[in-house]
Asks: 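This is the structure, below, for whatever I ask next.
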Amino acid sequence: MVCMSRVLQWGSMFAARLGPQSWACRLAGLSVRYSSTETAPHIPSMDYQDAICTLNTLQTNASALEQVRRERSNPEVQLQAMKGFLKRAGITVKELDHLNIIHVTGTKGKGSTCAFTEQILRSYGFRTGFYSSPHLVQVRERIRINGLPIGKELFTKYFWQVYGRLYETKDVHGGAMPAYFRFLTILAFHVFLQEKVDLAVIEVGIGGAYDCTNIIRRPWVCGISSLGIDHTQILGDTLEKIAWQKGGILKPGVPAFTVKQPEEALAVLKDRAKERSCPLWICPELENYHTDSAPLHLGLAGKHQRSNASLALQLSHTWLQKRCLQDESFPSMHFENTSVFQASPFKPTPVMLKGLAHTEWPGRNQTLRHGDVTYFLDGAHTMRSMQACLQWFKEAAAQHMKNASGTVARVLLFNATGDRDSAAMLKLLMPCHFDFAVFCPNITETITTCNADQQNFNVSVENMLTRCLDNERSWRLHHSLTDDQGTQLLIESGLSLVPEKKADALVFPCILSALQWITQGRDSVLVDPAKRCLAVKPNIVARAAPLRSAAEIHILITGSLHLVGGALKHLIPTFSN
């Protein structure tokens, strides 16, 4: 790639040994070669794409991967290592105490909770910082100032400041560099400190107790959204184990709030709060808040967002109490004499109501209409989040069906990553009666050079394709479909992916090729001549007859936030600006 060659070129100026690694991706007859390096020197003159390419090297740094494997068996080491990296980057833990942090964890809804909270407090006129993950299109989305991703120039400037300090000190620390997420966390702290935000909303990455964001020692308030089973290899395979990890962000004397949880999870959170001398409140139902007129309106669709909104109200209300202690418009919290308190509903201020109504969080219960094609996008990737996605999709799609001008073809575009139970999630989606189930890896496109922001070197393309084929087989098994001839060719001169006899389940090599086949030229955004894909075999073109004859096409895109992000990159081109 061009940007990586520049990294290598600059590296030679510093006589740095940049050992290249390569990933050969053979897909649909196309050989795509990515290259990376172990590290790159601090070059302030390099541009945004250079910074992103250098950042991506932290995904594949061999020593970093070994470090992660080693720390999984001794997770306490992670926070110690984080302290060391922070110090090398020129940041002290004491400085973080002044960021006025709201720290939020959970399995489902923590990002939405953070988005509601940030929007509410920004609506009051505070200068906000917001750190979240993953990003949908560009990595800058993870670090926001006043609700907007930091600009490319600002990202580049701060990236090289932090990377340079870490790189210059690596030799005296055994060559250690922080892994991808850990580096971005350090970068976010640096940005928020330099930009002098009034507060920072920090979303936990994975878990809580040993997540690198838990270097925070004095948040103003903590939140725990809905808990469920996810990341079992890291957090454990029971709700109790996961709740223990999530409860690790609780701090002595720091107020904390959680939504209604399964009994076994709540019991663990109670114990964690008690051992950490942390007051823990359970949020009320959203309908219990006092309003003068109509019910609260939320900017995010889906009934499951109501508990996230209640949690956000309690978090922002508590933060405002601390900030505006003498302001009687923020009454003190009421609690009963129990080990875990029941948070009282209050009357949200007009500013709070405005914040809830204006919250945007792309890729979560999002609907886009492009002419005759309607996209329903949700990054659900656990059983509980998929159940919520299903409920939302049924209601939203039914409403669109009522207004349709004729027959509607319904298509599922799905992918899942990591240790998620794809088969179980697909089984949940069966009652939607899709005309087609389409599977593809989280690769935006196969012909043009991919955006470096969306490259993932931790998983090979071969593994991603294998996962897609497994998903396709699971779908066919759920439908009791036979596959006597095995998979046939989808792309001319390409990899065998799609059944010849059955057109209800197909696998494509990238997101763009999948979207172009599904929409059959009916979305002008996707027929841009610049968006070219490998030629589809004639028999697969013929299978799309129901799509061409339908008055409208409804597409549910789900299973992975990375899949949703890749789709949004094509569907909303301004996301890449």
Side-chain angles (χ1 to χ4, degrees), residues 64 67-68 70-89 91-107 109-111 113-114 117 129-134 142-143 178-193 199-225 227 230-231 233-236 240-258 265 268-269 271-280 311 315 318-319:
Q67 174 184 327
V68 170
R70 186 170 60 249
E71 290 174 355
R72 281 186 181 178
S73 61
N74 188 15
E76 293 87 350
V77 174
Q78 295 184 46
L79 294 181
Q80 289 300 117
M82 184 65 177
K83 289 180 182 179
F85 287 126
L86 270 177
K87 184 177 180 180
R88 286 169 54 188
I91 304 172
T92 67
V93 177
K94 186 176 181 179
E95 286 181 284
L96 301 185
D97 296 342
H98 302 293
L99 279 178
N100 305 329
I101 289 171
I102 298 173
H103 201 193
V104 182
T105 189
T107 304
K110 63 181 184 291
T113 297
C114 289
T117 305
F130 181 9
Y131 177 58
S132 65
S133 62
R142 297 181 183 227
I143 305 173
Y180 188 86
F181 181 78
R182 186 176 285 171
F183 177 89
L184 286 172
T185 304
I186 297 169
L187 179 60
F189 289 148
H190 178 67
V191 171
F192 297 153
L193 287 168
L199 70 134
V201 180
I202 305 294
E203 178 189 351
V204 168
I206 296 178
Y210 305 120
D211 184 78
C212 63
T213 64
N214 208 29
I215 195 72
I216 300 164
R217 63 181 186 180
R218 293 180 185 174
W220 277 28
V221 60
C222 295
I224 302 176
S225 66
L227 298 184
D230 195 19
H231 298 296
Q233 293 183 351
I234 299 174
L235 305 180
E240 290 89 344
K241 292 177 181 178
I242 290 171
W244 188 92
Q245 293 280 355
K246 305 290 185 181
I249 71 166
L250 303 179
K251 301 295 188 298
V254 174
F257 294 85
T258 187
V268 174
L269 292 181
D271 291 341
R272 291 289 265 168
K274 183 178 180 180
E275 72 184 33
R276 289 172 172 260
S277 301
C278 169
L280 178 65
L311 178 55
L315 294 174
T318 303
W319 191 92

Asks: Would you check if Arg217 and Asp97 make a side-chain contact, meaning some heavy-atom pair closer than 4.5 Å?
Replies: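 Yes, close enough: below the 4.5 Å cut-off.
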
Asks: To check you understand the geometry: which heavy-atom pair defines the closest contact between Leu227 and Gly106, and what is its length?
Replies: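 Looking at all heavy atoms of both residues, the closest pair is CD2-CA, 3.9 Å.
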
Asks: Check the pair Leu96 / Ile215 against side chain to side chain contact (heavy atoms under 4.5 Å, CB included), numbers first and verdict last.
Replies: CA-CA 9 Å; Leu96 301 185; Ile215 195 72; 3.9 Å; yes

Asks: List the atom of Arg142, the atom of Tyr180, and the distance in Å for their closest heavy-atom pair.
Replies: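 So the two residues come closest at NH2-CE2, 3.8 Å.
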
Asks: Taking the side chain as everything from C-beta on, heavy atoms only, tell me whether Thr185 gets closer than 4.5 Å to Met82.
Replies: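 Heavy-atom side-chain distance check passes, below 4.5 Å.
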
Asks: Under the criterion side-chain contact (heavy atoms from CB on, under 4.5 Å), which of Val104, Ile102, Thr117 is the partner of Val221?
Replies: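 The passing option is Ile102.
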
Asks: Measure the shortest side-chain to side-chain distance between Phe192 and Ile143 over non-hydrogen atoms and say whether it is less than 4.5 angstrom.
Replies: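 With C-beta onward as the side chain, the pair touches.
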
Asks: Taking all non-hydrogen atoms of both residues into account, name the closest pair between Ile224 and Gly247 and its distance.
Replies: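 Minimum heavy-atom contact is CD1-CA, 4.3 Å.
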
Asks: What is the minimum heavy-atom distance between Ile206 and Asp211, and which atoms define it?
Replies: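 Between these two residues, the closest heavy atoms are N-OD1, 2.9 Å.
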
Asks: Closer than 3.5 angstrom, by distance alone: can the side chain of Lys246 be matched with the main-chain N or O of Trp244 as a donor-acceptor pair?
Replies: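 Flag not set: sc Lys246 to bb Trp244 has no pair under 3.5 Å.
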
Asks: Are the side chains of Ile186 and His190 in touch, meaning some heavy atoms are under 4.5 Å apart?
Replies: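 Counting from C-beta outward, Ile186 and His190 never come under 4.5 Å.
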
Asks: Just wondering, do Trp220 and Leu199 contact through their side chains at under 4.5 Å, heavy atoms?
Replies: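 Side-chain contact under 4.5 Å: no.
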
Asks: Mind listing the closest non-hydrogen atom pair of Asn214 and Ala209 along with its distance?
Replies: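 Smallest interatomic distance, heavy atoms only, reads ND2-O, 3.1 Å.
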
Asks: Kindly compute the distance separating OG1 (Thr92) from CG (Leu86), expressed to the nearest 0.5 Å.
Replies: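 Reported to 0.5 Å precision, the distance equals 8.5 Å.
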
Asks: If you look at every heavy atom in Gly205 and Phe181, which pair is closest and at what distance?
Replies: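 Between these two residues, the closest heavy atoms are CA-CZ, 3.5 Å.
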
Asks: Let me confirm one number: the OG1-CD1 distance from Thr213 to Ile249, rounded to the nearest 0.5 Å.
Replies: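 It is 7.5 Å, given to the nearest 0.5 Å.
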
Asks: Do His103 and Val204 have side chains that get closer than 4.5 Å, going by heavy atoms?
Replies: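 A side-chain contact exists here, since the closest heavy-atom pair is under 4.5 Å.
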
Asks: Is there side-chain contact between Tyr131 and Ile101, with at least one heavy-atom pair below 4.5 Å?
Replies: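 Of all side-chain heavy-atom pairs linking Ile101 with Tyr131, none is under 4.5 Å.
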
Asks: Among residues two or more places apart or on two chains, list those pairs meeting salt bridge (Lys or Arg N to Asp or Glu O under 4.0 Å) that have a residue in residues 199-210.
Replies: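 Passing the test, one end in residues 199-210: Lys110-Glu203.
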
